[in-house]
Protein chains: 2
Amino acid sequence: MLKLSTKGQYGVRAMFEIARNFGKGTTTIREISERQEVSVSYLEQLLNKLRHAGLVDSVKGPGGGYVLTREPSKVSVGEVLRVLEGPVAITTCLDPTGDGCARVDNCVTRMLWKTLGEKIESFLDGISLQELLNEEHNIVPLDFGGNRP
Amino acid sequence: MLKLSTKGQYGVRAMFEIARNFGKGTTTIREISERQEVSVSYLEQLLNKLRHAGLVDSVKGPGGGYVLTREPSKVSVGEVLRVLEGPVAITTCLDPTGDGCARVDNCVTRMLWKTLGEKIESFLDGISLQELLNEEHNIVPLDFGGNRP
DNA sequence: AAATACCCGACAAAATATGTCAAGCGCAGC
DNA sequence: GCTGCGCTTGACATATTTTGTCGGGTATTT
């Protein structure tokens with residue numbers, strides 16, 4: 001249950017690759033494609049969205065590629081996912097783009113899903129690309145605030 | 001993103017109706033269907049699964065229907081959802097029924113999804129049907145441990 | 001001018017979700 | 001025993017979403 005589509009997964013991995021190069025130049029789609037094993041065409045779609053959302057800039061021509069518009073510590077995973085997949089909407093009755101649910105009045109579970117959604121967003125918003133980079137270099141032990149008492 | 005299928009939503013609502021009658025007799029599929037506006041046929045599928053999982057008992061014959069096997073405070077929403085939708089598996093590489101991901105070694109995001117999944121499960125396991133009942137009667141103000149400091 | 005790299009929209013295959021339908025079985029009460 | 005109510009089971013149909021692919025275009029640097 002509660003699967004994340006590949007779009008979101010690939011998107012975060014792509015952003016990770018670009019973040020990895022932050023301050024060292026651009027990252028091309030081809031590089032991302034090879035490192036993360038995702039097709040060039042599909043990555044184009046994702047990066048297009050991310051560019052329009054202002055999370056990355058693109059540079060054309062030879063030596064071009066993508067660059068983060070902010071430093072990795074200022075970009076959260078939640079932000080990336082929201083751009084690619086829309087807001088967390090566990091149920092359709094909470095989807096802001098929908099019509100809402102006709103049964104709202106006596107729907108006891110509604111608040112349950114709402115609270116869960118908020119918790120998830122708050123978690124994802126608290127993780128930045130920088131933290132993923134740190135993890136890769138083992139600068140800090142793995143801990144996203146997961147299970148501490 | 002992170003949608004819950006109707007299976008899970010309807011299932012929790014069905015369990016809520018049965019819990020509502022706890023100690024007062026059985027609840028028929030027809031009653032659930034009318035109150036929650038879900039087709040009888042579809043509910044049959046869901047309750048069948050819940051019965052095999054031991055969350056409800058069925059009583060046949062006139063006056064029959066479904067009954068909780070435990071009191072509402074002992075049945076968590078997480079349990080219901082796991083029966084109907086399987087475990088939380090944000091990504092396929094974490095799905096215990098799958099083959100795992102070939103890129104495990106250098107997948108920095110894996111731990112991220114794992115931690116998120118654990119948080120979600122722990123949240124859902126912490127909410128019981130009794131708490132949903134309380135909410136309906138406004139015995140307690142709405143608060144699932146959502147956003148307190 | 002050529003090479004490199006991004007941009008855009010249409011389209012298609014596959015998986016998943018969302019149910020419906022029909023026939024059968026088993027128990028309680030008369 | 002037998003009848004009615006209600007659950008049981010599995011197959012099947014439809015709709016939606018996901019997951020990409022493909023082809024041609026446009027902009028920019030060398």
Side-chain angles (χ1 to χ4, degrees), chain A residues 1-14 17-18 21 25-34 36-53 55-67 69 81 84-86 89-92 95 97-98, chain B residues 1-11 13-14 17-18 21 25-34 36-53 55-67 69 81 84-86 89-92 95 97-99:
Chain A
M1 63 165 140
L2 290 176
K3 256 184 236 168
L4 191 67
S5 79
T6 61
K7 219 185 262 186
Q9 297 176 47
Y10 293 169
V12 171
R13 301 210 317 232
E17 289 296 333
I18 300 173
N21 249 357
T26 65
T27 309
T28 68
I29 283 195
R30 179 150 315 177
E31 286 169 332
I32 301 174
S33 168
E34 284 165 5
Q36 296 288 341
E37 298 170 28
V38 177
S39 87
V40 170
S41 309
Y42 202 33
L43 280 173
E44 282 177 353
Q45 287 178 39
L46 308 182
L47 288 172
N48 188 4
K49 279 193 173 185
L50 291 166
R51 190 177 64 86
H52 278 106
L55 291 182
V56 295
D57 262 349
S58 61
V59 179
K60 296 181 179 180
Y66 285 95
V67 191
T69 56
L81 291 178
L84 296 173
E85 307 216 29
I90 311 280
T91 57
T92 44
D95 191 338
T97 65
Chain B
M1 63 167 139
L2 289 176
K3 255 183 239 170
L4 189 68
S5 79
T6 60
K7 217 185 267 186
Q9 298 177 46
Y10 294 169
R13 300 208 320 230
E17 290 295 334
I18 301 173
N21 249 357
T26 65
T27 311
T28 67
I29 282 196
R30 180 151 315 176
E31 285 169 332
I32 301 174
S33 168
E34 283 166 4
Q36 297 286 342
E37 296 169 31
V38 177
S39 88
V40 169
S41 309
Y42 201 34
L43 281 173
E44 283 175 351
Q45 283 180 42
L46 309 183
L47 288 172
N48 188 4
K49 279 194 175 184
L50 291 167
R51 188 177 65 85
H52 278 105
L55 292 181
V56 295
D57 262 349
S58 61
V59 179
K60 296 183 179 178
Y66 286 94
V67 192
T69 55
L81 290 178
L84 295 172
E85 307 219 29
I90 310 281
T91 57
T92 44
D95 190 338
T97 66
D99 298 332

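Naming convention: chains lettered A, B, ... in sequence-line order (proteins, then strands); numbering from 1 in each chain.
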From [atom1] of [X] over to [atom2] of [N], roughly how many Å is that when rounded to an integer?
X	N	atom1	atom2	result
A:Lys7	D:dT17	NZ	P	11 Å
A:Leu2	D:dT18	CG	C1'	17 Å
B:Leu46	D:dT9	CG	P	14 Å
A:Lys49	D:dT18	NZ	C1'	12 Å

Toward the 5' end of DNA chain D, by each residue's nearest nucleotide, B:Arg51 or A:Leu4 =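 Upstream on the strand: B:Arg51.
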Quick check: closest heavy atoms across [X] and [Y], and the distance to 0.1 Å?
X	Y	value
A:Glu17	A:Thr27	O-OG1, 4.0 Å
A:Gly63	A:Thr26	O-OG1, 3.1 Å
B:Ala89	A:Lys3	O-CG, 3.2 Å
B:Leu47	B:Val56	O-CG2, 4.2 Å
B:Glu85	B:Leu4	OE2-CD1, 3.3 Å
A:Leu43	A:Ala14	CD2-CB, 4.1 Å

Outermost nucleotides of DNA chain C that come under 4.0 Å of a non-hydrogen atom of chain A |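 So the outermost contacting nucleotides come out as C:dT4 to C:dC8.
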Indicate, with a heavy-atom threshold strictly under 4.0 Å, whether A:Leu47 touches base, sugar-phosphate, or nothing.
->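 No contact.
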Flag the pair B:Val38 / B:Ile32 as yes when at least one side-chain heavy-atom distance between them is below 4.5 Å, and no otherwise.
->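 They are not in contact (no side-chain heavy atoms under 4.5 Å apart), so the answer is no.
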Test your reading of the model: is there a side-chain donor-acceptor pair from [X] to the backbone of [Y], 3.5 Å cut-off?
X	Y	answer
A:Arg51	A:Asp57	no
A:Thr28	A:Glu31	yes
B:Thr69	B:Leu55	yes

Contact list for DNA chain D against residues 57-64 of chain A - heavy-atom distance below 4.0 Å =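 The stretch gives A:Lys60, A:Gly61, A:Pro62 as the residues lying under 4.0 Å from the strand, ordered by number.
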Pairwise N/O distances under 3.5 Å, protein to nucleotides 21-25 of chain D:
from	atom 1	to	atom 2	distance (Å)
D:dT21	OP2	A:Ser39	OG	2.3
D:dT21	O4	A:Gln45	NE2	2.9

Of A:Arg30 and B:Thr6, whose nearest nucleotide on DNA chain C comes first from the 5' end?
->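 Comparing both residues, the 5'-ward one is A:Arg30.
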